[in-house]
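The next block holds one structure in the form of structure tokens; read it before the comments.
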There are 2 protein chains.
Amino acid sequence: MTKQRKAILETLKSTDCHPTADWIYNEVKDEIPNISLGTVYRNLNFLAEQGEIMVLDYGSTHSRYDGTPEQHYHFHCQECDSVYDIHINLKETLNQQADEATPFTINEHRLEFYGICDKCQNS
Amino acid sequence: MTKQRKAILETLKSTDCHPTADWIYNEVKDEIPNISLGTVYRNLNFLAEQGEIMVLDYGSTHSRYDGTPEQHYHFHCQECDSVYDIHINLKETLNQQADEATPFTINEHRLEFYGICDKCQNS
DNA sequence: TTAACTGCAAATGGTTTGCTCTGTC
DNA sequence: GACAGAGCAAACCATTTGCAGTTAA
């Protein structure tokens with residue numbers, strides 16, 4: 001656990017804005033000015049493999065990262081591009097329904113919601 | 001509707017393998033040898049905007065395309081990388097649950113399942 | 001010590017785009 | 001004749017990678 005990896009993880013854990021690698025890079029640069037973007041990517045990938053963070057790479061050119069590895073879903077505002085957490089428990093239900101409808105063994109699923117957030121609706 | 005666009009759409013509609021742009025390009029090249037990859041991409045994007053096809057760009061470097069625009073989900077085999085359709089109707093249920101759990105207006109969602117397909121289990 | 005990791009910069013590669021040419025109405 | 005669309009090749013750009021130097025254990 002180098003200071004770079006630690007700073008990246010802490011930066012990600014201390015925000016709820018589901019940032020891109022570039023955003024994290026700029027944040028961490030305040031603390032470690034000569035850190036490189038390659039290091040940020042390498043560590044994000046490492047941490048994701050370890051299950052400490054989540055990668056949100058659904059249908060966009062930029063991946064976003066989430067420091068909360070526990071099961072939850074995401075909502076993307078189609079107006080302001082913000083990403084919010086959604087805590088509803090569907091894991092078993094969904095996997096079971098897919099299991100029953102197919103001859104496959106379902107291990108997991110990925111689910112994202114899209115719409116307009118409350119802030120954008122009121123403006 | 002040029003012959004290129006027609007060939008691309010027909011190629012996509014006549015397969016259930018959820019191909020990549022490159023696969024479609026190679027298929028269509030049999031019929032129109034000097035078609036370019038740029039044309040394939042331009043037409044796939046156009047057709048997706050028109051709602052005639054679906055783009056599957058979930059967490060992978062390659063996008064895949066689906067010629068069936070009707071609502072359905074997908075299963076990705078983690079072993080052989082195949083993609084299969086899953087027909088279960090969850091649309092209203094899921095959107096409603098997310099609606100109730102948040103202050104947001106839910107318009108749509110994207111859901112993908114992962115696991116091992118029947119062929120890979122038996123080999 | 002040494003295996004893992006960093007910084008830097010160049011490479012990667014799927015996708016997009018600019019430009020010119022062509023086919024269609 | 002105008003205009004949407006094609007072909008070609010170059011550009012894009014987020015991400016990855018090779019390498020030489022550095023650091024944590």
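What you see is a predicted model; the values in this text were computed from it and never measured. Note: hydrogens, waters and symmetry copies are ignored here, and every other heavy atom, side chains too, is used. Order of the sequence lines fixes the chain letters, A, B, ..., with proteins taken first and strands second; residue numbering starts at 1 for each chain.
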Euclidean distance, atom CG of residue B:N43 to atom C1' of D:dG5 [Å, nearest integer]: 8 Å

Sugar-phosphate, base or nothing in reach of B:R5, heavy atoms under 4.0 Å: sugar-phosphate

Note, B:F75 side chain near A:I106 side chain (heavy atom, < 4.5 Å): yes

For the student: nearest non-hydrogen atoms of B:Q4 and B:I32, plus distance: CA-CD1, 3.9 Å

Residues A:Y58 and A:R110: side-chain donor-acceptor under 3.5 angstrom: yes

Check: A:I35 main-chain N/O paired with A:T39 side-chain donor or acceptor under 3.5 Å: no

CG (A:D16) with more than 12 external heavy atoms under 6.0 Å: no

Leading and trailing nucleotides of DNA chain C with any atom under 4.0 Å from heavy atoms of chain B: C:dG14 to C:dG18

Linked, directly or transitively: A:V83 and A:Y65 (ILVMFWY side chains, under 4.5 Å): no

D:dA24 phosphate, OP1 or OP2, under 4.0 Å from A:T2 side-chain N/O: no

Of B:G38 and A:G38, the one whose closest DNA chain C nucleotide lies more 5': A:G38

Exceeds 12 heavy-atom contacts within 6.0 angstrom, atom CD of B:Q121: yes

Residues A:H76, A:E112; criterion side chain to side chain contact (heavy atoms under 4.5 Å, CB included); working and verdict: CA-CA 7 Å; A:H76 297 248; A:E112 305 274 298; 2.3 Å; yes

Proximity to DNA chain D (any heavy atom under 4.0 Å), residues of residues 25-35 of chain A only: none

B:K13 atom NZ: more than 12 heavy-atom contacts under 6.0 Å: yes

Can you pull every protein N or O that's under 3.5 Å from an N or O on nucleotides 11-15 of chain D?
unit_1: D:dA14; atom_1: OP1; unit_2: A:H62; atom_2: NE2; d: 3.4
unit_1: D:dA14; atom_1: O3'; unit_2: A:T61; atom_2: O; d: 3.2
unit_1: D:dT15; atom_1: OP1; unit_2: A:S63; atom_2: N; d: 3.0
unit_1: D:dT15; atom_1: OP1; unit_2: A:S63; atom_2: OG; d: 3.2
unit_1: D:dT15; atom_1: OP2; unit_2: A:Y41; atom_2: OH; d: 2.1
unit_1: D:dT15; atom_1: O5'; unit_2: A:Y41; atom_2: OH; d: 3.3

Whole-Å gap separating C1' (D:dA4) and CD (B:E49): 15 Å

Residue pairs, two or more places apart or on separate chains, that pass ring pair (Phe, Tyr, Trp, His ring centres under 6.0 Å) and touch residues 8-30 of chain A: A:H18-A:H74

Non-hydrogen side-chain atoms of A:L44 and A:L12 separated by less than 4.5 Å: yes

Side chain proximity check, A:N95 to B:F113, heavy atoms < 4.5 angstrom: yes

Protein-nucleotide distance (A:Q4, atom CD; D:dG21, atom P), rounded to Å: 18 Å

Enclosure of A:Q78 CD (heavy-atom neighbours >12, cutoff 6.0 Å): yes

Expected output: side-chain B:T15 to main-chain B:C17 donor-acceptor under 3.5 Å: yes

Beyond-backbone contact of A:V28 with A:V40, side-chain heavy atoms, under 4.5 angstrom: no

Axis bend over the full length of the helix from C:dT1-D:dA25 to C:dC25-D:dG1, computed from five pairs that close each end, to 10 degrees: 30°

Contact list for DNA chain C against residues 7-18 of chain B - heavy-atom distance below 4.0 Å: none

A:E70 backbone acceptor or donor facing A:H72 side chain under 3.5 Å: yes

Nucleotide D:dT23, atom P - distance to NZ of A:K3 in whole Å: 8 Å

